[in-house]
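Some notes on the structure that comes next.
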Amino acid sequence: MAKLRVGVLASGGGTNLQAIIDASKKKQIDAEVVLVISDKRDAFALERAGKSGIKAVFLDPEKYSSKELHENAIVKILEENCVGLVCLAGYMRLLTDHLIGKFENRIMNIHPALLPSFPGTNGQADALAYGVKVSGCTVHFVELEMDAGPIILQAAVPVLDDDTKESLSKRILEQEHKLYPKAINLFAKGRLKITGRKVKIIS
Ligand code: GAR
């Protein structure tokens with residue numbers, strides 16, 4: 001069977017992107033990254049894509065007069081490249097219905113906290129400041145509300161007394177790199193069944 005074609009949206013360093021690319025190269029997942037789109041010209045994720053021979057596209061939000069037009073441009077490239085699953089990997093923009101509507105139940109996000117706790121752009125620091133003893137990461141389907149779609153997989157890590165934002169982020173990121181490829185592979189194999197808020201993993 002043909003491999004699932006994945007399009008990744010990233011704004012930053014792209015270590016999750018790299019983990020997905022590596023898992024694909026090692027044939028650990030039935031999916032391949034065919035396209036990387038960024039809203040930041042200098043996102044290292046674009047370089048990572050280039051180094052792996054993957055199409056890398058910078059779509060400058062400033063060049064579009066509305067969020068809708070920017071998202072329409074993203075949709076056009078995703079469709080031109082026959083993308084079957086969109087993965088947000090450190091993409092720091094809230095999506096609207098223009099994109100979500102076109103890829104219903106086919107957009108995933110990874111978040112560096114155990115949702116529904118600590119949504120937003122500062123999940124690790126917020127968890128630390130709250131004083132939780134356990135945090136982690138979540139892969140979920142994307143809906144209009146931020147960090148709120150049905151949860152696919154979660155992994156927990158301990159929060160240590162002497163943790164800083166950096167040390168906790170590093171511990172969580174190690175888990176992110178395992179969890180995201182796993183979730184993509186389950187999707188690729190048709191093993192995720194969404195019923196309301198719940199995602200069942202079928203065998
Ligand atoms: C990751 O920790 C990801 O969970 C987080 O941004 C980082 C991106 O790292 N995403 C969010 O906070 C989304 N709310 P990366 O660019 O090295 O993959």
Side-chain angles (χ1 to χ4, degrees), residues 6-25 29 31 33 35-52 54 56-59 61 67 71 74 85-96 99-100 103 107-130 132 134-159 163-185 187:
V6 175
V8 175
L9 269 57
S11 302
T15 65
N16 276 291
L17 163 69
Q18 192 66 56
I20 300 164
I21 293 172
D22 292 347
S24 174
K25 278 187 186 158
I29 60 176
V33 180
L35 173 69
V36 175
I37 300 176
S38 184
D39 58 334
K40 301 269 186 247
R41 188 188 305 277
D42 58 356
F44 191 62
L46 291 173
E47 258 183 64
R48 290 182 190 272
K51 276 186 192 149
S52 287
I54 296 165
V57 181
F58 163 56
L59 285 179
K67 200 165 179 163
E71 285 197 359
I74 295 175
L85 176 70
V86 180
C87 290
L88 310 185
Y91 188 67
M92 294 310 195
R93 251 164 220 283
L94 197 55
L95 301 188
T96 76
L99 212 166
I100 296 175
F103 284 85
I107 308 178
M108 286 183 186
N109 179 44
I110 188 148
H111 182 74
L114 294 175
L115 292 172
S117 292
F118 313 117
T121 55
N122 231 357
Q124 307 97 325
D126 291 345
L128 201 56
Y130 195 90
V132 294
V134 175
S135 191
C137 51
T138 304
V139 180
H140 63 94
F141 284 110
V142 171
E143 288 186 347
L144 279 176
E145 201 186 325
M146 185 171 60
D147 299 332
I151 290 171
I152 302 165
L153 291 174
Q154 292 186 301
V157 305
V159 179
D163 260 335
T164 58
K165 183 190 166 190
E166 287 67 35
S167 63
L168 179 59
S169 299
K170 185 167 175 270
R171 195 174 308 119
I172 293 173
L173 204 53
E174 282 167 14
Q175 294 304 315
E176 291 185 41
H177 295 164
K178 294 179 192 161
L179 204 67
Y180 217 170
K182 215 182 205 177
I184 293 168
N185 199 38
F187 182 94

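Both counts, for ligands and for their atoms, begin at 1 and track the order of listing. Side-chain atoms are counted along with the backbone in the values below, which use heavy atoms only and exclude waters and symmetry mates. Keep in mind that this is a model prediction, so the values were computed, not measured.
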Give a yes/no on ligand 1: does G14 have at least one heavy atom closer than 4.0 angstrom to it? yes

Given 3.5 Å as the limit, does a donor-acceptor pair link the side chain of S11 with the main chain of M92, or not? yes

Residue, atom and distance of the protein heavy atom nearest atom 5 (C) of ligand 1 read P112 CD, 3.8 Å

pair R171-P158: side-chain heavy atoms closer than 4.5 Å: yes

Sub-3.5 Å N/O-N/O distance, A89 and ligand 1: no

Report the distance from atom CG of L179 to atom CD1 of I152, rounding to the nearest 0.5 Å. 9.0 Å

If the test is side-chain contact (heavy atoms from CB on, under 4.5 Å), which one of N185, V6, I29 qualifies with S24? I29

Where is the tightest heavy-atom contact between A45 and G14, given as atom of each residue plus distance? CB-CA, 3.9 Å

Can you tell me if Y180 uses its side chain to pair, donor with acceptor, with the backbone of M108 under 3.5 Å? yes

M92 heavy atom under 4.0 Å from ligand 1: yes

Check whether any side-chain heavy atom of N109 sits under 4.5 Å from a side-chain heavy atom of T138, and report yes or no. no

In the protein, which heavy atom is nearest to atom 9 (O) of ligand 1, and how far is it? N16 ND2, 4.1 Å

Return the CG to CG distance between L46 and L17, rounded to the nearest 0.5 Å. 9.0 Å

For ligand 1, is any non-hydrogen atom under 4.0 Å from L173's backbone (N, CA, C, O), its side chain (CB onward), both, or neither? side chain

Taking distance alone, with N or O pairs closer than 3.5 Å, would you say N109 contacts ligand 1? no

Look at ligand 1 and say whether G120 reaches it with a heavy atom at a distance under 4.0 Å. yes

Would you check whether T15 has a nitrogen or oxygen atom less than 3.5 angstrom from a nitrogen or oxygen atom of ligand 1? yes

Do any N/O atoms on E176 end up under 3.5 angstrom from N/O atoms on ligand 1? yes

Distance from atom 7 (C) of ligand 1 to nearest protein heavy atom, with residue and atom: G90 CA, 4.3 Å

